Amino acid sequence: MRFLFIPYRTYCSSTAICASSQITLFARMGHIETARHIFDKLIDRPVDSWNSIVAAYFQNHQPSEALKLFDKMPERNIVSWNGLISGYINNGMINEAENVFYTMPERNIVSWTSMVRGYVKEGMITEAERMFWQMPGSNVVSWTVMLGGLVQGGRVEDARRLYEMMPVKDIVARTSMIGGLCKDGRLSEAREIFDEMPRRNVISWTTMITGYVQNNRVDVARKLFEVMPYRNEVSWTAMLMGYTKCGRIEEAWELYQAMPMKSVVASNAMIIGLGQIGELKRARMMFDCMRERDDGTWSAMIKVYEKKGFELEALDLFSLMQRQRVRPNFPCMISVLSVCSSLASLDHGRQVHAQLVRFQFDVDVYVSSVLITMYIKCGDLAKAKQVFNRVPLKDVVIWNSIITGYAQHGLAEEVLQVFHEMSFSGIMPDKVTFVGVLTACSYTGKIKEGRQIFESMKSKYLVEPGAEHYACMVDLLGRAGQVNEAMSLIETMLVEADAIVWGALLGACRIHMKMDLAEVAAKKLLQIEPKNAGPYILLSNLYASQGRWDDVAELRKTMSERAVSKSPGCSWLEVGKKVHMFTGGDSAGHPEHERIIRMLEKIVGLLREAGYFPDGSFVLHDVDEEEKVQSLRYHSEKLAVAYGLLKVPDGTPIRVMKNLRVCGDCHSAIKLIAKVTGREIILRDANRFHHFKDGLCSCRDYW
DNA sequence: ATAGGGTTAG
């Protein structure tokens with residue numbers, strides 16, 4: 001700030017050169033006002049100072065202000081015009097740059113090279129090539145820009161050819177080529193260029209190190225890191241990320257401790273690395289200790305919470321972010337949306353959606369598919385369809401999002417209709433599409449359609465059916481009572497049957513009381529997934545129902561030997577942007593515990609009048625014994641529904657989520673609750689959605 | 001005063 005006190009009025013034209021560099025300096029620090037102040041105070045304004053101030057505004061991403069000043073310039077040289085081009089390019093305005101290029105009075109090599117660079121930056125490599133070959137002259141820089149473009153466009157072979165043609169190859173060109181070859185896995189070729197380089201700098205060393213890291217040769221990278229003559233922030237960070245990338249977090253941590261200057265990028269990578277190995281506390285500690293954070297820091301921490309299933313923490317951090325007025329970036333939005341999906345937090349989801357629209361992220365295909373999934377998981381199908389309809393160019397992922405979504409809700413007619421629309425629009429369905437379509441068929445008992453589609457997969461769409469498709473078919477046949485046919489289908493499978501296939505068979509046996517096949521399926525499941533409690537409990541209940549108590553005892557013994565434990569059931573719902581969670585069959589932890597219990601008792605009374613009695617006889621469902629003994633009205637889903645009845649305004653559906661499959665008693669109770677209260681209740685369990693209305697459920701009592 | 005290479009986040 002001392003610069004402010006320099007008496008500007010004393011500048012003569014020779015010191016005005018000094019003024020230009022000061023303008024540039026302040027602009028680079030982000031002090032555009034100071035830069036402008038210096039400029040305004042100048043008595044004599046040579047063309048250089050005009051060029052500086054225009055560049056300063058471009059650098060601060062104020063192109064319109066820059067243009068205003070450009071228009072006021074008393075005289076312009078070629079540098080002014082080139083500055084305008086590069087200013088536009090750095091602000092992503094390639095069309096404006098193009099316009100200037102074709103209308104400027106004269107062009108030199110810098111103008112041409114800038115244009116090539118501009119096209120490369122926008123990913124328009126063909127345009128860049130056209131421009132490059134039209135250029136009247138060329139030098140190392142222009143060759144190198146073109147080389148970089150080809151590398152960036154993934155055309156490494158073409159880059160290599162261009163590289164060989166180059167009359168002069170300087171350090172930058174060689175480094176660029178090394179990076180390209182490494183990206184393509186051609187390590188030895190890259191290393192050859194590296195070894196032959198007449199001179200090397202930090203960047204060439206770092207590029208080579210990153211190359212080894214990308215190709216999973218961290219230890220070689222480390223050797224290079226040890227012998228390089230000089231290291232900077234970036235080289236330390238690159239090495240550190242080499243370790244985090246392959247999960248060697250403790251080594252990364254050691255390196256981080258040894259870093260002379262800890263960059264934000266390195267800290268962010270460290271947060272992600274710690275998150276990967278489940279060290280959430282340490283990750284958060286890093287986050288809290290950082291003096292300086294960028295948007296990547298926030299998205300890294302939120303992503304860690306999201307990936308590790310700490311949804312509430314993720315949302316907390318997101319709201320902290322907004323309180324501190326940090327603009328959420330793209331990856332951050334995606335993470336928060338996934339959190340909203342798994343929590344089914346419609347209120348938060350809507351908020352993120354609004355921001356996506358505000359920052360114009362919502363036209364992206366990737367974002368749209370995550371958004372669709374989010375609305376589907378929240379049970380808001382209409383909104384999901386709305387987002388779907390707004391996507392201008394629908395790819396297979398977008399179609400799959402909506403198909404899978406409808407399928408999870410058991411809306412077979414809609415699924416089949418969308419499937420036909422998809423085929424009509426010329427998009428080829430893939431594996432995921434067929435899982436969705438077949439699931440829908442099985443949920444609604446459309447045996448004929450399901451069979452037809454399964455057949456057409458191979459013959460018409462050239463998609464080889466995988467285990468997941470067989471699982472759908474087994475489910476489809478099993479539900480219809482054709483359990484033996486389902487078993488024969490499994491026997492004809494070319495791929496190996498996985499847990500999902502056997503699980504589907506077991507589910508069918510449970511409903512249709514097919515003891516012999518149930519035992520086969522359950523035993524297969526125990527082999528594939530020895531830690532999964534579901535099949536043990538099912539099998540044990542099956543034995544019990546036949547009075548085979550020795551087998552029950554034997555099974556319980558293996559269970560405790562293998563340390564199998566059932567994950568505790570929990571349900572949650574969102575009220576007023578807050579997620580309320582109910583676990584362990586008790587609401588004691590909840591501040592409104594008393595009211596919830598009173599509500600439940602009132603409901604149970606009403607249900608009794610309607611002819612309902614708690615039913616503990618769901619032996620064939622995977623409900624644990626202990627859980628059965630407990631008073632059934634305390635199951636977490638009932639608590640959540642009761643809370644919903646208290647808090648969710650009339651006319652709005654009550655949306656409850658559960659981490660396990662819904663229990664049979666709760667299912668029939670909730671059906672009746674929906675009837676006697678006249679409310680619509682949407683329950684998402686581990687498998688699918690249940691829409692309760694007027695005493696009926698959309699799953700038709702089969703789940 | 002205008003053009004080029006290396007590190008993070010779905």
Side-chain angles (χ1 to χ4, degrees), chain A residues 17 20-21 23-24 46-56 58 76-87 89-90 108-118 120-121 135 138-149 151-152 170-180 182-183 201-211 213-214 232-242 244-245 263-273 275 294-304 306-307 328-338 361 364 366-367 369-370:
Chain A
I17 298 164
S20 300
S21 55
I23 290 170
T24 313
V47 67
D48 284 355
S49 62
W50 280 97
N51 289 344
S52 302
I53 193 71
V54 169
F58 272 125
R76 303 180 183 103
N77 57 18
I78 187 140
V79 177
S80 327
W81 289 101
N82 287 342
L84 196 58
I85 292 184
S86 65
I89 285 171
N90 290 332
N108 65 8
I109 191 158
V110 176
S111 342
W112 284 89
T113 312
S114 295
M115 283 314 293
V116 177
R117 165 72 189 149
V120 166
K121 194 165 165 279
M135 275 175 81
S138 63
N139 60 12
V140 214
V141 179
S142 41
W143 281 90
T144 312
V145 171
M146 193 60 243
L147 183 75
V151 167
Q152 199 191 293
D170 69 2
I171 193 165
V172 179
R174 288 170 207 261
T175 307
S176 190
M177 193 67 246
I178 290 173
C182 289
K183 224 198 282 178
N201 61 14
V202 213
I203 299 186
S204 11
W205 280 94
T206 310
T207 306
M208 198 64 237
I209 287 176
T210 309
V213 164
Q214 281 167 344
N232 66 7
E233 231 177 65
V234 179
S235 27
W236 279 90
T237 308
M239 190 63 241
L240 180 135
M241 285 175 42
T244 57
K245 198 168 170 263
S263 66
V264 180
V265 177
S267 309
N268 295 352
M270 210 55 240
I271 289 180
I272 299 203
D294 66 0
D295 55 346
T297 319
W298 291 88
S299 64
M301 196 64 235
I302 290 182
K303 192 190 152 202
V304 163
E306 183 244 315
K307 289 282 174 215
N329 64 0
F330 201 89
C332 192
M333 301 269 206
I334 298 289
S335 286
V336 176
L337 270 187
S338 327
F361 285 149
D364 187 275
Y366 185 88
V367 172
S369 70
V370 181

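The chains referred to below are lettered A, B, ... by the order of the sequence lines, with proteins before strands, and numbering in each begins at 1. What you see is a predicted model, and the numbers here were worked out from it, not measured in a lab.
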**OP:** Could you please name the option among B:dG4, B:dT2, B:dA9 that lies closest to any side-chain atom of A:Lys303?
**Re:** B:dA9
**OP:** Tell me, please, which residues at least two apart from A:Ser369 pass side-chain hydrogen bond (donor to acceptor under 3.5 Å, both in side chains).
**Re:** none
Subject >> Candidates B:dA1, B:dG5, B:dG4 - which lies nearest the side chain of A:Asp170 >> reply: B:dG4
Original post:
Can you tell which of B:dA3, B:dT8, B:dG6 lies closest to the side chain of A:Met241?
Top reply: B:dT8
Subject >> Closest nucleotide among B:dT2, B:dG4, B:dG5 to the A:Ile203 side chain >> reply: B:dG5
**OP:** Would you indicate which nucleotide in B:dA3, B:dG6, B:dG10 comes nearest to any side-chain atom of A:Asn232?
**Re:** B:dG6
Original post:
Just by modelled atom types, is the A:Ile272 backbone N or O under 3.5 Å from a matching donor or acceptor in the A:Lys303 side chain?
Top reply: no
Subject >> Nearest-neighbour nucleotide for the A:Ser235 side chain, B:dT8, B:dA1, B:dG6 considered >> reply: B:dG6
**OP:** Check every strand shown and say whether A:Val145 touches a base, only sugar-phosphate, or nothing at a heavy-atom separation below 4.0 Å.
**Re:** sugar-phosphate
**OP:** State whether the side chain of A:Thr210 and the backbone N or O of A:Thr206 hold a donor-acceptor pair below 3.5 Å, judged by distance alone.
**Re:** yes
Original post:
Quick check: does any side chain N or O of A:Asn139 sit under 3.5 Å from a backbone N or O of A:Ser142, one acting as donor and the other as acceptor?
Top reply: yes
Subject >> Sugar-phosphate, base or nothing in reach of A:Ile272, heavy atoms under 4.0 Å >> reply: sugar-phosphate
Original post:
Picking from B:dG6, B:dT8, B:dG5, which would you name as closest to the side chain of A:Asn268?
Top reply: B:dT8
Original post:
How many Å lie between OH on A:Tyr366 and P on B:dG10, as a whole number?
Top reply: 8 Å
Original post:
With a 3.5 Å cut-off and just heavy-atom distances, do the side chain of A:Thr175 and the base of B:dG5 make a donor-acceptor pair?
Top reply: yes
Original post:
Rounded to whole angstrom units, what separation is found between the CD1 atom of A:Ile178 and the P atom of B:dG5?
Top reply: 15 Å
**OP:** Sequence neighbours left out, what passes side-chain hydrogen bond (donor to acceptor under 3.5 Å, both in side chains) with A:Ser267? Give chain and number order.
**Re:** A:Tyr256
Original post:
Of the nucleotides B:dA3, B:dA1, B:dT7, which has the atom closest to the A:Arg117 side chain?
Top reply: B:dA3
Original post:
Which nucleotide sits closest to the side chain of A:Ser114: B:dT7, B:dA9, B:dA3?
Top reply: B:dA3
Original post:
Expressed in angstrom and rounded to an integer, what is the separation of A:Lys121 atom NZ from B:dG5 atom P?
Top reply: 11 Å
Original post:
Can a donor-acceptor pair under 3.5 Å be found between the side-chain atoms of A:Thr207 and the base atoms of B:dG6?
Top reply: no
**OP:** Look at all strands and tell whether A:Asn77 reaches a base, only sugar-phosphate, or nothing, counting heavy atoms closer than 4.0 Å.
**Re:** nothing
Subject >> Spacing of A:Asn82 atom CG relative to B:dG4 atom C1', expressed in whole Å >> reply: 15 Å
**OP:** Send over the distance from A:Trp112 CH2 to B:dT2 P, rounded to a whole Å.
**Re:** 22 Å
**OP:** Measure from CG on A:Leu84 to P on B:dT2 and round the result to the nearest Å.
**Re:** 14 Å
**OP:** Counting heavy atoms from C-beta on, name the nucleotide in B:dT7, B:dA9, B:dT2 closest to the side chain of A:Val234.
**Re:** B:dT7
Original post:
Which whole-number value in Å describes the distance from A:Met146 CE to B:dA3 P?
Top reply: 18 Å
Original post:
Are the side chain of A:Thr175 and the backbone N or O of A:Ile171 linked by a donor-acceptor pair below 3.5 Å?
Top reply: yes
**OP:** Quickly work out the A:Phe330 CZ to B:dG10 P distance and round it to whole Å.
**Re:** 11 Å
